[in-house]
Protein chains: 2
Amino acid sequence: MYDLVSLVNAGFGDMDDLQQMSDAEKRQTARRPAARSQDPDGTRRNILEIASEEFALNGLSGARVDEIAARTRSSKRMIYYYFGDKEGLYLSALENAYRRVREGEAALDIEGRPPAEALGRLVEFTFDHHHQHEEFIRMVMIENIHKGQYLDRSEMIRGLNATAIDRIAEVYARGVAEGVFRDGMDPVELHWQVSALCFFNVSNRATFSKIFGRDFGAPEQLERLRRNTVETIVRYVTRAERLAG
Amino acid sequence: MYDLVSLVNAGFGDMDDLQQMSDAEKRQTARRPAARSQDPDGTRRNILEIASEEFALNGLSGARVDEIAARTRSSKRMIYYYFGDKEGLYLSALENAYRRVREGEAALDIEGRPPAEALGRLVEFTFDHHHQHEEFIRMVMIENIHKGQYLDRSEMIRGLNATAIDRIAEVYARGVAEGVFRDGMDPVELHWQVSALCFFNVSNRATFSKIFGRDFGAPEQLERLRRNTVETIVRYVTRAERLAG
DNA sequence: GACTAAACTAACTAGGTCGTACATTGTGCC
DNA sequence: GGCACAATGTACGACCTAGTTAGTTTAGTC
C-alpha cells in the first residue's frame, strides 16, 4: 500500500486518485516521496478532475476555460498543452464520466440468484447508481443536447456497451428458461426501459419537483419511486401467472 | 391505432404561427394587409419564435443574442426593449415551450373508454406528443441543467400541473372502481413513470443510439418502443388476474 | 398639423473568452 | 556535466458578446 500522507503532500489533494496512478507515477512516488515540482500525470488528472466538475455543472458553452484553469493547481497553458482545445477537454471529461461509471457498475453481483430477484436487484442497483452519479447524468444530458456529436468522435466509446447488456440479457434468459419471464423480449430494449426510469429520476427532478410542487428528491419519496421502478420492470417482464396482486 | 409516420410528418414544419396571432394583429392584418412598419405584437412574437429555436438548439449560454437578432425581422435593440436581457428572453422562451405543449395536450380525448384502453391511449398520446415536440423536450433538458432556476422565477408556471394529473387520475380511479387496476397508487407517481419512459425516448436517443450502435429513431424501432412503453405502464397498473400472458 | 409616447435603428463599448508566443525550468540519459 | 526534450509560467492578442447610448420614425390624439 502507498503512503497516503506523502501522496497528499506531493500534491494529490482532495481526490481519490489512488486507483488511477500510472506506472510512471508509482515508480517515482516509491523512489522519491518528496514534493515534485513537475508531475505531468498528476497535472493532467487534476485538470481533468476540475474540468469534469465544471462541464457537468455548466455545460460545454457555459464552462469557462479560465475558470477551470483557476481552480486547477496548474494553469491554462497546461490545459492546451494536454488537451489541445476546449472541445478536446470536454471530450476527455465526457469519456472520463463514462469510464468511471462503467467501472462502478462492476460492483453489482447477482449471479446465482432467482431471475425475478436478480432483475429486481439490477434495477435497484441502476436506480441507486444513477442517483449517486449525478455528475455523470448531467454529462449525458449535456452530450444529448449536443446530439451526441462528441461521443461520435470518441474512440473509447466502442467498448462500453457490452457489460450492461450482457448482464441483463443473462438474467432475462435465465428467467425465460425457468418459465418465470415472458418470451420474445429484446435485452437492449429492456435495458432501455430500465435506463429511462432510473435516468429520469435524476435528470428531470428539478423541473418535475417545481411543477408538481413536491420534492422528488426527499428520501421517502425517492424510496417510493425506487420501489415503483423495480415493480414496473419486474411486472413488465414476469408472466402473468407468476404475478401476485 | 395511431399512424406514427403521419404524426411525425405533421409536426415538424417550420412553425405554425397562425394560431398564435393576437386579436390586435388579426384586426390589423385584416384592415391593412400590406407590410406594416410598426408592429409591436408581431415583432415580439417573431423574436420569441426565433429565440425559442435558438435556445432549444444551443442552450442558454450557447445561444447568441446577436445570432437571434440577425435571424429576426427585427434588431437586437428590440430584444432588450421587449425582454430586458438574455435571461428574460430565455425565460419567455421556456414559458412559451410549456404553454404550447400544454395547449397541444388538450387534443387527447379518452372519456368514456374502458380504463385499460384509456390508459393505453394516454400513454401512446404522451409518447407521440413528446416525439413531436423535440424542441420542448430540449428546453426541459436545458432547464434541468440549470436546476430549474428559471422555472422558479416564472409566475406562469403555477397553473400548469393540473390538467395532466387530473386526466390520469380520473382514468386510474375508474380502473380501480371497476376492479381492473390495482389499488393504492399515486396518480402523480404514475404520471412520473409515463413521463420518464416517453421523455427518455427523445432526450437520450442520441447517446443511446451511438453507444448501442442502433438507430432508436428509426420508425420500426420507435414503434416497438412505443408498444413496450404502453405495455409497461398498463401491466404495472393492471391487476394480475386481469392480465393476459 | 402639432404633440406625445411607443416602436424602432445603427453604432458603439466594456469586458469576457479562447487560444498562443515566448521564455524558463525540470528530468532522464549518456 | 551537458544535451534533448518534456513540462510549466507569464503575458498578451484577437475576436466575441451582452448590453447601451443617442437618436429617428411611426401611430394615435386633440
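We name chains A, B, ... by the order of the sequence lines, and we start the count at 1 in each one. Predicted model, so just to flag it, every value in this text is computed and none were measured.
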Exercise. What is the distance from OH of B/Y80 to C1' of C/dT13, rounded to the nearest Å?
Worked result: 13 Å
Exercise. What's the CE-C1' distance between A/M78 and C/dG26, to the nearest Å?
Worked result: 12 Å
Exercise. Any side-chain N or O of A/R77 under 4.0 Å from OP1/OP2 of D/dG9?
Worked result: no
For this session: Without swapping roles, check the side chain of A/N144 against the backbone of B/T207 for a donor-acceptor pair under 3.5 Å.
Result: yes
Seminar exercise, completed: Atom CZ of B/R64 and atom C1' of C/dG16 are separated, to the nearest Å, by 11 Å
For this session: In whole angstrom, give the distance that lies between atom CD1 of A/I79 and atom P of D/dG9.
Result: 12 Å
Problem set entry | Whole angstrom value for the distance that separates P of D/dT17 from CD of B/E87 | 17 Å
Exercise. Is B/R71 salt-bridged to B/E54, going by a charged N under 4.0 Å from an acidic O?
Worked result: yes
For this session: Please report, rounded to the nearest Å, how far the P atom of D/dT17 is from the CG atom of B/N58.
Result: 11 Å
Exercise. At under 4.0 Å, does any side-chain N or O of A/S75 touch on OP1 or OP2 of D/dT8?
Worked result: no
Problem set entry | B/N46 side chain to B/T72 backbone, donor-acceptor under 3.5 Å | no
Exercise. OP1, OP2 of C/dC8 versus side-chain N and O of B/Y82: anything below 4.0 Å?
Worked result: yes
Exercise. Hey, does A/A63 reach any base, or is it just sugar-phosphate, or nothing, if we go heavy atoms under 4.0 Å?
Worked result: sugar-phosphate
Exercise. Which atom pair, heavy atoms only, marks the closest approach of B/V101 to B/H129?
Worked result: O-CE1, 3.3 Å
Seminar exercise, completed: Taken to the nearest whole Å, CG/A/D66 to C1'/D/dC12 is 12 Å
Exercise. What is the distance, rounded to the nearest whole Å, between atom NZ of A/K86 and atom P of C/dG16?
Worked result: 15 Å
For this session: Report yes if a side-chain nitrogen or oxygen of A/T43 is closer than 4.0 Å to either non-bridging phosphate oxygen (OP1 or OP2) of D/dT8; otherwise report no.
Result: yes
